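The shown structure was predicted, so the numbers you read here are calculated from the model rather than taken from an experiment. All heavy atoms count here, side chains included; hydrogens, waters and symmetry mates do not. Residue numbering restarts at 1 for every chain, and letters A, B, ... go by the order of the sequence lines.
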Protein chains: 2
Amino acid sequence: MSLKHAILVLLETEPGSGYDLLKRFKERLGYFWNASHQQIYLQLKNMNQAGLLQCEQQPQVGKPDRKVYKITHSGHEALLEWIESPAKVSRVNDALLVKMYAGHLVDKHIILQEILQHKKVHQAMLNTFLTLEEKYLNMEAQEKAGYALPFLTLRKGILGEQAWLDWAVEVEVFLT
Amino acid sequence: MSLKHAILVLLETEPGSGYDLLKRFKERLGYFWNASHQQIYLQLKNMNQAGLLQCEQQPQVGKPDRKVYKITHSGHEALLEWIESPAKVSRVNDALLVKMYAGHLVDKHIILQEILQHKKVHQAMLNTFLTLEEKYLNMEAQEKAGYALPFLTLRKGILGEQAWLDWAVEVEVFLT
DNA sequence: CTCCCATATGCAAACACTTGCATATGGGAG
DNA sequence: CTCCCATATGCAAGTGTTTGCATATGGGAG
């Protein structure tokens with residue numbers, strides 16, 4: 001039930017269309033919340049019907065109308081209520097580890113190759129995060145203060161990816 | 001589509017009932033794959049129909065019959081095919097981080113309290129993993145060799161939880 | 001001139017997962 | 001004596017997510 005709340009978070013600071021949200025998910029919540037455009041558009045429709053959002057249609061030429069959503073009072077209340085009520089510890093479902101568990105069934109180079117592929121992705125994410133971190137650390141004190149909490153989520157991404165890469169080293173040592 | 005494959009992994013070494021699998025999930029794959037009993041029973045039924053598993057009914061007194069499933073040749077092939085084909089990088093959907101991102105909307109003690117609650121769970125998991133690690137490290141060389149790959153998945157759990165707890169320290173420093 | 005990408009939205013079907021309910025017994029704690 | 005836990009299985013309804021399809025234009029690369 002949290003895509004709804006993630007959307008409320010992203011619309012809380014400024015209104016936006018489904019497409020805008022798609023970009024904001026990639027840029028801001030990408031590491032800890034994933035959403036496809038189909039999911040977002042459907043959710044926006046439902047949330048509009050439920051009165052959490054308001055929609056303003058902006059006609060455009062040659063393209064479908066841009067539907068700009070903004071959060072309503074009711075939406076804001078729902079967001080606060082959600083933040084204040086406890087969340088479950090997020091569960092992990094990681095197919096790669098299931099494979100590794102049963103890796104004895106295949107040649108170990110198959111597992112190693114897959115680890116190396118995944119490592120590339122994790123290394124790329126870490127690099128993105130480190131760039132963002134540097135940007136934050138170079139901000140002036142006042143601007144910095146406004147991004148303190150997003151920065152903490154970025155730190156989660158950095159520590160998580162570093163742990164992943166440390167683990168990959170252990171795996172490589174064992175499999176080569 | 002991986003619950004199916006996780007079940008194949010757990011049945012590959014020895015047959016078992018739905019209830020057995022539930023326990024095996026908790027003991028062995030718990031950190032990286034979660035499954036409820038409803039999901040497992042349904043999946044076993046479907047996989048039996050699809051010919052990946054064979055079922056033998058053991059009558060019992062006072063309890064429902066135990067249905068013991070074992071992997072078929074076709075199931076074994078499906079498992080190998082899955083292990084050999086690349087898996088996507090698993091996506092993270094972490095509500096706690098979405099909350100933290102928007103934490104400025106509420107009193108910071110609310111966020112801090114929630115972090116402390118989650119920390120308990122992660123600390124408990126880490127302790128469980130460290131106990132299992134010690135058990136592994138005390139095994140004799142021969143037995144050790146047989147558990148090398150499961151041990152690597154355990155290491156993933158340990159490094160992951162340690163990173164989580166390191167992050168929690170940063171959050172606490174900031175929020176107090 | 002064509003192909004791909006960004007912009008911009010959406011439906012429908014299938015698959016996956018959660019939540020609530022339902023049944024039935026034996027054993028231990030309080 | 002009652003309540004909870006472990007054993008043992010399952011259906012049904014709802015919620016959430018993925019995958020495939022559909023449309024339409026402008027701009028840049030080759």
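Rounded to whole angstrom, the span from the CG atom of A:L21 across to the P atom of C:dA8 amounts to 12 Å. Remark: C1' of C:dC15 and CE of B:M47 are 15 Å apart, rounded to the nearest angstrom. One can place CG of A:L22 at 15 Å from C1' of D:dT17, the figure rounded to the nearest angstrom. Taking atom CG on A:L42 and atom P on D:dA22, their separation rounds to 19 Å, with Å as the unit. Atom OH in A:Y69 sits roughly 12 Å away from atom C1' in C:dA8 (whole-Å rounding). Distance A:Q38 CD to C:dA12 P: 14 Å, rounded to the nearest Å. When rounded to the nearest whole Å, the span between CG of A:N46 and C1' of C:dA12 equals 14 Å. Atom pair A:K4:NZ and D:dT17:C1' shows a separation of 16 Å (rounding to whole Å applied).
Of the candidate nucleotides D:dA8, D:dT18, C:dA8, C:dA8 has the atom lying nearest to any side-chain atom of A:R66. Ranking C:dT18, D:dA6, C:dT9 by closeness to the A:R91 side chain, first place goes to C:dT18.
Mapping B:V68 and A:L3 onto DNA chain D by nearest heavy atom places B:V68 closer to the 5' end of the strand. The residue among B:K67 and B:K23 whose nearest nucleotide of DNA chain D is located toward the 5' end is B:K23.
The distance between the ring centers of B:Y147 and B:Y136 does not fall below 6.0 angstrom.
Aromatic ring pairs are classed by plane angle as parallel below 30°, tilted from 30° to 60° and perpendicular above 60°; the pair B:Y101 and A:F32 is tilted.
Within the nucleic acid shown, A:K88 comes within 4.0 Å of sugar-phosphate atoms alone, with no base atom in reach, counting heavy atoms only. Using a 4.0 Å heavy-atom cutoff across all strands shown, A:N93 reaches sugar-phosphate atoms only and no base atom.
Between the side chain of A:S17 and the main chain of A:R66, no donor-acceptor pair closer than 3.5 Å is present.
Between B:I83 and A:I111 there is a side-chain heavy-atom pair separated by less than 4.5 Å. Contact annotation: the side chain of B:M100 approaches that of B:V171 to within less than 4.5 Å [non-hydrogen atoms, C-beta and beyond]. Under the 4.5 Å side-chain criterion, counting only non-hydrogen atoms from C-beta, A:D20 is in contact with A:K23.
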Tabulated below should be each protein N or O lying under 3.5 Å from an N or O of nucleotides 14-16 of chain D; please produce it.
residue: D:dG16; atom: OP1; partner: A:M1; partner atom: N; Å: 3.0

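Within the 4.0 Å cut-off from OP1 or OP2 of D:dT9, at least one side-chain nitrogen or oxygen of B:S17 is found. Phosphate contact (OP1/OP2 of C:dC11, side-chain N/O of A:K45, threshold under 4.0 Å): present. Side-chain N/O atoms of B:Y41 include none lying less than 4.0 angstrom from OP1 or OP2 on D:dG10.
Here the CH2 atom belonging to A:W164 is positioned 6.0 Å from the CG atom belonging to A:L96, to the nearest 0.5 angstrom. To the nearest 0.5 Å, atom CZ of residue A:F129 and atom NZ of residue A:K156 are 10.0 Å apart.
For B:Q113, there are no side-chain hydrogen bond (donor to acceptor under 3.5 Å, both in side chains) partners, not counting sequence neighbours.
Listed by first residue number, the stems of DNA chain D with at least three Watson-Crick or G-U pairs below 3.5 Å are C:1-30 with D:1-30.
Under the 4.5 Å side-chain heavy-atom criterion for ILVMFWY residues, no single connected hydrophobic cluster contains both B:Y41 and B:V68.
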